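Working notes, structure below.
The structure displayed is predicted, hence computed values, not measured ones. These values consider heavy atoms only, across backbone and side chains, with no hydrogens, waters or symmetry-generated copies. The first residue of the sequence shown is numbered 1, and numbering continues consecutively from there. One-based numbering, in listed order, for ligands and for the atoms of each.
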Amino acid sequence: MSAFDDIKARDEQLICNTYGRYPLAIDRAQGCHLWDVDGKRHLDLVAGIAVCSLGHSRPELLEVINRQYAKLVHVSNLFYQREQAELAEKLLGTSHAGKVFFCNSGAEANEAAIKLARRYMRTVQGRDAYEILTLSGSFHGRTLATVTATGQEKFRQHFEPLPGGFTTVPKGDLDAMRAAMSPQTAAVLVEIIQGEGGVLPLDGDYVRGIQALCRERGVLFMVDEVQTGMCRTGRFWAHQHHGLTPDVFTVAKPLAGGLPMGAMLATDEAARGFAPGAHATTFGGGALVCAVASKVVDIMLAENLAEHAALMGAHARELFAGIARRTPGTIAEVRGMGLMLAVELTRPAADVWRALLDRGFICNLTHETSLRLVPPLVITREDLDSFAAALEDILRAQG
Ligand SMILES: *Cc1c(COP(=O)(O)O)cnc(C)c1O
């Protein structure tokens with residue numbers, strides 16, 4: 001039995017069957033590469049689902065983890081911790097927000113945003129507004145509230161009864177958004193690029209229109225940057241592409257370099273919705289993850305990874321445009337911003353995805369016909385060139 005077959009057999013016997021896994025068991029990772037348990041090297045164009053933005057096994061993060069683990073890991077939010085204050089300063093310094101709440105995942109960050117919106121309306125505005133409007137095709141997480149916020153039926157099926165006070169509004173239709181708003185509306189929550197929905201960017205005028213509508217009606221405008229945040233799209237925050245100033249936005253995937261962490265950032269005004277005891281988490285904002293996240297922000301700014309993501313994204317698009325020219329009828333479209341990209345094929349992508357895997361290139365098969373690429377932001381031109389060459393070869397061979 002190979003090392004892979006052995007792990008797979010034990011996994012299938014012992015672990016809840018919730019994941020459709022790739023036929024690989026990963027043993028170690030370095031930079032933009034993964035090594036499987038049978039010793040084969042792969043180029044990682046998934047980065048743990050847009051998580052490992054700095055690449056794997058960064059020596060600077062290892063150094064912080066070693067130092068901070070020896071000093072202080074967790075004492076809970078009963079105490080003040082220097083590491084939280086330092087990270088808050090750095091993170092808030094990248095945006096217009098004034099306050100942050102630390103938690104442990106994207107779903108938790110969105111839960112915090114939802115709770116803040118409702119509590120802000122009741123305790124600050126004195127209005128019984130609780131309704132959260134989200135968009136069709138969106139994805140906001142897997143807890144009961146965030147799965148209800150998620151505008152895709154398949155994630156909610158069989159989990160009813162769902163929490164009340166959520167409405168899905170058709171995406172791209174500002175009149176529908178206007179019509180959906182009522183005196184009970186507390187907030188609108190949107191992604192700038194719908195990630196799990198298939199890497200679908202929202203139109204700039206449309207999202208600016210939603211923000212304007214929110215301001216006009218006294219509704220909080222909230223952006224889910226769990227996947228798009230922290231340099232991924234070519235700006236530190238994706239909402240900055242469109243000149244938006246959300247009252248609340250959330251982040252998680254790239255925040256702590258692969259360690260689990262989420263955060264909700266809010267303007268000082270919106271943050272008035274929380275008071276001592278209103279919301280909490282045992283693990284959130286522990287000294288270890290905060291110290292690592294601080295280093296992540298430092299490196300992103302020092303290495304200007306937003307600009308690098310924009311440049312590499314543009315390079316990848318040129319490569320794909322070249323393939324589309326030379327092998328007409330294979331690539332239908334390329335979507336996304338920066339290093340959050342989808343290559344939409346003209347037919348089911350599973351065979352192409354599998355052939356790439358066999359050649360040592362790992363990308364993400366999201367929807368039936370599209371390949372999603374969310375590589376480490378430190379990926380090089382040469383890595384992208386090698387991926388594009390393999391993709392072209394495969395598209396030609398599969399004609
Ligand atoms: C991944 C994701 C989430 C959920 O994050 P978890 O850490 O898995 O809870 C929420 N929103 C968006 C946009 C995401 O991409």
Neighbour count >12 (heavy atoms, 6.0 Å) for atom NZ, Lys8: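 At most 12 heavy atoms, drawn from other residues, nucleotides or ligands, come within 6.0 Å of this atom.
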
Shell of residues surrounding ligand 1, defined by a 4.0 angstrom heavy-atom cut-off that is strict: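 For ligand 1, the contacting residues are Ser105, Gly106, Ala107, Asn110, Phe139, His140, Gly141, Glu191, Asp224, Val226, Gln227, Lys253.
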
Considering only distance and modelled atom types, tabulate donor-acceptor pairs under 3.5 Å from the side chains of residues 161-173, sequence neighbours left out.
unit_1, atom_1, unit_2, atom_2, d
Thr167, OG1, Glu131, OE2, 2.4
Thr168, OG1, Arg156, NH2, 2.8
Lys171, NZ, Gln194, OE1, 3.0
Asp173, OD1, Asp175, N, 3.1
Asp173, OD1, Ala176, N, 3.0

Plane angle bin for Phe387 and Phe320 - parallel if under 30°, tilted between 30 and 60°, otherwise perpendicular: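 Phe320 vs Phe387 ring planes: perpendicular.
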
His239 and Trp237 aromatic ring geometry - parallel, tilted or perpendicular at 30°/60° bounds: parallel

Centroid-centroid under 6.0 Å between Phe361 and Trp353 rings: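 Judged by ring-centre distance (under 6.0 Å), Phe361 and Trp353 do not meet the cut-off.
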
Single hit among Thr250, Thr150, Thr143 for side chain to side chain donor-acceptor pair (under 3.5 Å) with Asn110: Thr250

